[in-house]
Amino acid sequence: MEIFQILGDELIGFFGIKGWLNLFRTGDYSVLLTYEGIKSAIGPLIPLLLVIELIRALTYKRFKVSDYKVTMTAHVFNRFDSRFISIAAVAFCIGLLTPFAIFKSSFTWYWIIYGYVIWELAHFVYHFLAHKVRLLWCLHSAHHAPENMNLSVTFAHFFLEAPYADVIRTSICILLGVNPPLLFLIMFIDGTWGAFIHAGENLIKDGRLGFLNKIILTPSHHRVHHAKNPLYMDTNFCNLLNIWDRVFGTLQDERRGMKIEYGITREMNPNNFLDAYFGEIGALWKDVRKAPRLKHKLLYLVMPPGWSHTGEHKTAHIVRRAFLENEGSTIKREPLVVEEQ
Ligand SMILES: [Zn+2]
Ligand SMILES: [Zn+2]
């Protein structure tokens, strides 16, 4: 019967309902006024939404096992190590870098705003590099491999990505004066929102969320980020506040009439876990091997995906620019066509 005990514990862990179970057991609702209490109360939200999304997909007969197979396999695969390495990495960075912080912040509302802006900057840096440095793309691409959007995509990550992301984000935040309690609160808000923006069309059809689309990053923006359409490639790197996407010119709204094509441009089998998880590493290895000189081999590691030693680059930047230039010339030509008619 041990197997049922293990399964039960896994389910309680996945749904994050330990806090609620303790609450009912002890009857001490005052914990809901503490940070830990709020955290454990909100914990089941994303898994619950995932279940609703699944039920809706089943109801509308749009449920496909393949939409969840690879993402959930990645989750199970990472279940045992990723989180522990990540927690250790965060603790290490805090211990190492706190003495070098440029100043000390406290736990007040204005420092929370400052901390969030800095956190978004740190997130932008991690995420931008994950798309622009081929070696780091190997860690991030498993998250972009799914060709459908749903909440389970939140769990699709290469096991070394979380430690990499947390080292970059924690280091920048600590050095720029975001103190650890503030950082943990921000990480919690960011983690919850970051999961929610993966809500697929089965849960929220129009991901723009009305006027919010103008102010913050919505599921619609993140759907654009997961798209391989030329216009959408390498855009919307932020998570909640879109300031840094505005500053660096990478903010892209979803266009009505342009259907989102999810996934990555490399030819792959999206239903094959090994291809989704390790495929980019294999592709990089092939390019490095065929590169004629050591300089080219090293450049393959650090240049953006799509860079080639032959000069025939197909990077996201080039593909997107070509699309916009082509679109610009088409728009310019169009009035002439109207006049001729
Ligand atoms: Zn990304
Ligand atoms: Zn995502």
Side-chain angles (χ1 to χ4, degrees), residues 46 49-50 53 67-68 70-72 74-75 78 82 86 119-166 168-169 187 189-204 207-209 216-242 244-245 248-252 254 260-266 268 270 276-277 279-280 304-306 315-317 319-320:
I46 297 299
L49 286 175
L50 176 62
E53 192 178 56
D67 291 347
Y68 292 86
V70 167
T71 51
M72 293 316 278
H75 180 52
N78 295 341
S82 193
S86 207
W119 167 266
E120 278 288 7
L121 173 67
H123 181 82
F124 186 96
V125 171
Y126 130 72
H127 200 178
F128 185 82
L129 292 177
H131 278 253
K132 300 296 186 187
V133 175
R134 181 98 179 257
L135 202 57
L136 300 176
W137 172 243
C138 289
L139 307 183
H140 187 53
S141 64
H143 182 61
H144 281 271
E147 295 195 337
N148 174 279
M149 181 56 81
N150 59 68
L151 281 169
S152 75
V153 175
T154 305
F155 303 118
H157 285 284
F158 191 73
F159 79 105
L160 285 176
E161 187 182 15
Y164 151 65
D166 283 336
I168 299 273
R169 296 186 296 197
M187 277 179 164
I189 300 170
D190 181 80
T192 310
W193 185 258
F196 172 71
I197 52 176
H198 291 92
E201 287 83 354
N202 284 330
L203 189 66
I204 304 170
R208 291 177 178 84
L209 307 183
I216 56 170
L217 281 169
T218 59
S220 165
H221 286 117
H222 202 62
R223 286 173 194 173
V224 165
H225 177 70
H226 274 264
K228 59 182 171 186
N229 309 51
L231 176 67
Y232 293 160
M233 284 167 85
D234 281 11
T235 56
N236 302 346
F237 292 106
C238 289
N239 213 28
L240 171 64
L241 308 177
N242 58 27
W244 300 108
D245 274 317
F248 295 113
T250 47
L251 186 68
Q252 174 65 53
E254 185 180 345
I260 290 178
E261 291 169 40
Y262 293 112
I264 51 183
T265 50
R266 171 174 67 86
M268 61 165 294
Y277 207 81
E280 274 313 309
T315 60
H317 178 73
V319 173
R320 187 165 190 266

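Both counts, for ligands and for their atoms, begin at 1 and track the order of listing. Hydrogens, waters and symmetry mates play no part in the numbers below; they use all other heavy atoms, side chains included.
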Presence of N, O or S from His198 under 2.8 Å of the Zn ion (ligand 2):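 For His198, the answer is yes, given that an N, O or S atom comes within less than 2.8 Å of the Zn ion (ligand 2).
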N, O or S from His225 under 2.8 Å to the Zn ion (ligand 2):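 No.
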Mutual orientation of the aromatic rings belonging to Trp137 and His131 [parallel < 30°, tilted 30-60°, perpendicular > 60°]: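 Taking His131 first and then Trp137, their aromatic rings sit tilted (interplane angle of 30° to 60°).
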Whether Phe158 and Tyr277 hold their rings parallel, tilted or perpendicular, with breakpoints at 30° and 60°: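 Correct class here is tilted.
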Short N/O/S contact of His143 with the Zn ion (ligand 1) (below 2.8 Å):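 For His143, the answer is no, given that no N, O or S atom comes within less than 2.8 Å of the Zn ion (ligand 1).
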Minimum-distance N/O/S atom that His226 presents toward the Zn ion (ligand 2):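 Of all N, O or S atoms in His226, the Zn ion (ligand 2) lies closest to NE2.
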Residues His226, His222; criterion side chain to side chain donor-acceptor pair (under 3.5 Å); working and verdict: CA-CA 6 Å; His226 274 264; His222 202 62; 3.1 Å; yes
Centroid separation His198 to His143 less than 6.0 Å: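 Aromatic pair counts; centres sit under 6.0 Å.
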For the Zn ion (ligand 1): the N/O/S atom of His140 at shortest distance: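 When I compare the N, O and S atoms of His140, NE2 is nearest to the Zn ion (ligand 1).
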Chi angles and distances behind the side chain to side chain donor-acceptor pair (under 3.5 Å) call for Ser141, His144: CA-CA 5 Å; Ser141 64; His144 281 271; over 6 Å; no
Angle subtended at the Zn ion (ligand 1) by His144 NE2 and His127 NE2, rounded to 10 degrees: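 Between NE2 of His144 and NE2 of His127, the angle at the Zn ion (ligand 1) is about 170°.
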